[in-house]
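Each remark here refers to the structure printed beneath this line.
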Amino acid sequence: MTPARDTVIAELLRAGATYPQVRAALGGGSPNTIAEIRRAENIPVPDRPRPCRTPEESYALYAEPYAGGHARWTGPWAGRMPQICRPGKHGRKESALRVAFRMRHGRDPDGYVRPGCGVPDCVASGHLTDSTMRNQLRSLQR
């Protein structure tokens, strides 16, 4: 970095620019370099509220439909479970499968939510079953 470029970065940071905004203004740049300049110039990190979506909005954003009415999850995961961060002070996380089930059936699921279509990672709301539904299906099959 050149001293002139460092000065421009510092000015942008003092004006409240985010790292992506600084990089866009400069036509590139390393986030590490920007952070180093922030620390060297003692520029505080501004408090920015994170965008807040409802669980339903998050599901609509991250559930990508594909052939056969199935949907794949393109959002955040916790281990093998697709996750949705609920709005609020503590950012409680919830399974995307539970959200999709609740959207489709209008009630909280009983027990674990699993795809009933046979596709292990399917998150399509119409393909999800809870333990009550699976037990009813088993009793009908007997």
Side-chain angles (χ1 to χ4, degrees), residues 1-140:
M1 287 272 147
T2 63
R5 192 165 178 164
D6 291 359
T7 303
V8 171
I9 292 172
E11 288 173 7
L12 289 168
L13 291 173
R14 282 190 190 92
T18 62
Y19 285 27
Q21 290 168 337
V22 170
R23 293 178 73 204
L26 298 174
S30 163
N32 290 339
T33 302
I34 297 168
E36 287 173 15
I37 293 169
R38 179 185 292 283
R39 284 190 297 272
E41 297 286 327
N42 292 320
I43 301 169
V45 177
D47 287 334
R48 290 191 178 91
R50 292 184 178 248
C52 191
R53 294 183 197 96
T54 66
E56 294 78 13
E57 290 170 334
S58 293
Y59 176 80
L61 177 67
Y62 294 125
E64 179 182 274
Y66 67 98
H70 302 290
R72 70 177 53 90
W73 188 250
T74 61
W77 290 76
R80 295 183 300 145
M81 188 62 59
Q83 290 288 297
I84 290 178
C85 187
R86 296 188 63 93
K89 185 177 180 180
H90 300 291
R92 187 173 64 96
K93 293 181 173 41
E94 181 175 25
S95 163
L97 300 175
R98 294 183 72 80
V99 170
F101 184 92
R102 193 170 38 252
M103 288 170 50
R104 175 70 175 216
H105 299 286
R107 66 175 177 85
D108 283 332
D110 181 33
Y112 292 111
V113 177
R114 301 279 183 249
C117 60
V119 177
D121 292 333
C122 182
V123 296
S125 62
H127 293 190
L128 300 176
T129 62
D130 67 352
S131 62
T132 300
M133 295 168 78
R134 290 188 297 273
N135 289 339
Q136 288 173 347
L137 182 62
R138 275 188 225 109
S139 68
L140 288 174

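Note that the structure is predicted; figures quoted are calculated from it, not measured. Note that the numbering runs from 1 along the sequence shown for the chain.
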Exercise. Where do Phe101 and Arg107 land on the side-chain contact (heavy atoms from CB on, under 4.5 Å) test, with the steps shown first?
Worked result: CA-CA 8 Å; Phe101 184 92; Arg107 66 175 177 85; 3.5 Å; yes
Problem set entry | Polar side chain donor-acceptor pair, Tyr19 to Arg38, under 3.5 angstrom | yes
For this session: Look at atom OH of Tyr66 and say whether more than 12 heavy atoms of other residues, nucleotides or ligands are closer to it than 6.0 Å.
Result: yes
Exercise. Of the non-hydrogen atoms in Ala25 and Leu12, which two are nearest, and what is the gap between them?
Worked result: CB-CD1, 3.8 Å
Exercise. Would you call Glu41-Arg14 a salt bridge at under 4.0 Å N-O?
Worked result: yes
Problem set entry | Any donor-acceptor pair under 3.5 Å from Thr132 side chain to Asp110 backbone | no
For this session: Over all heavy atoms of both residues, which pair between Leu128 and Ala124 is shortest? Give the atoms and the distance, please.
Result: CG-O, 3.3 Å
Exercise. Can you check whether Asp130 reaches Met133 side chain to side chain, under 4.5 Å on heavy atoms?
Worked result: yes
Problem set entry | Nearest heavy atoms of Ala10 and Ile43, plus distance in Å | O-CD1, 3.7 Å
Seminar exercise, completed: SG (Cys85) and NZ (Lys93) are apart, to the nearest 0.5 Å, by 4.5 Å
For this session: Decide yes or no on side-chain contact (heavy atoms from CB on, under 4.5 Å) for Arg53 and Leu61, but give the supporting numbers first.
Result: CA-CA 10 Å; Arg53 294 183 197 96; Leu61 177 67; 3.5 Å; yes
Seminar exercise, completed: In short, Ser58 meets Ile84 closest at the heavy-atom pair CB-CG2, 3.9 Å
Problem set entry | Gap separating the OG atom of Ser95 from the CE atom of Met81, nearest 0.5 angstrom | 4.5 Å
Exercise. Would a 4.5 Å heavy-atom cut-off, applied to side chains only, mark Leu26 and Arg5 as touching?
Worked result: yes
For this session: Could you check if a side-chain atom of Val99 sits within less than 4.5 angstrom of a side-chain atom of Glu94, using non-hydrogen atoms only?
Result: yes
Exercise. Are side-chain heavy atoms of Gln83 and Tyr62 found at a separation under 4.5 Å?
Worked result: no
Problem set entry | Separation between CZ of Arg102 and CG of Asp108, rounded to the nearest 0.5 Å | 5.0 Å
Exercise. At what distance, to the nearest 0.5 angstrom, does CZ of Arg138 lie from CG of Leu140?
Worked result: 11.5 Å
Exercise. Quick one: NE2 on His127 to CG on Leu97, what's the gap to the nearest 0.5 Å?
Worked result: 13.0 Å
Exercise. Could you state the interatomic distance from CD1 (Ile9) to CD1 (Ile34), rounded to the nearest 0.5 Å?
Worked result: 5.5 Å
For this session: Walk me through it: do His70 and Cys117 pass the test side-chain contact (heavy atoms from CB on, under 4.5 Å)?
Result: CA-CA 8 Å; His70 302 290; Cys117 60; 3.5 Å; yes
Exercise. Where is the tightest heavy-atom contact between Val123 and Tyr59, given as atom of each residue plus distance?
Worked result: O-OH, 2.6 Å
Problem set entry | Side-chain H-bond candidate by donor/acceptor type, Thr18 with Gln21, under 3.5 Å | yes
Exercise. In terms of side-chain geometry, is the basic nitrogen of Asp121 or Arg80 positioned less than 4.0 Å from the acidic oxygen of its partner?
Worked result: no
Exercise. Does the Arg98 side chain pair with the main chain of Val113, one donor and one acceptor, at a distance under 3.5 Å?
Worked result: no
Exercise. So which heavy atom on Pro120 is nearest to which on Pro115, and how close?
Worked result: O-CG, 3.4 Å
For this session: Check whether any side-chain heavy atom of Arg23 lies under 4.5 Å from a side-chain heavy atom of Pro31, and answer yes or no.
Result: yes
For this session: Establish, from distance only, whether the side-chain atoms of Arg114 and Thr129 form a donor-acceptor pair under 3.5 Å.
Result: no
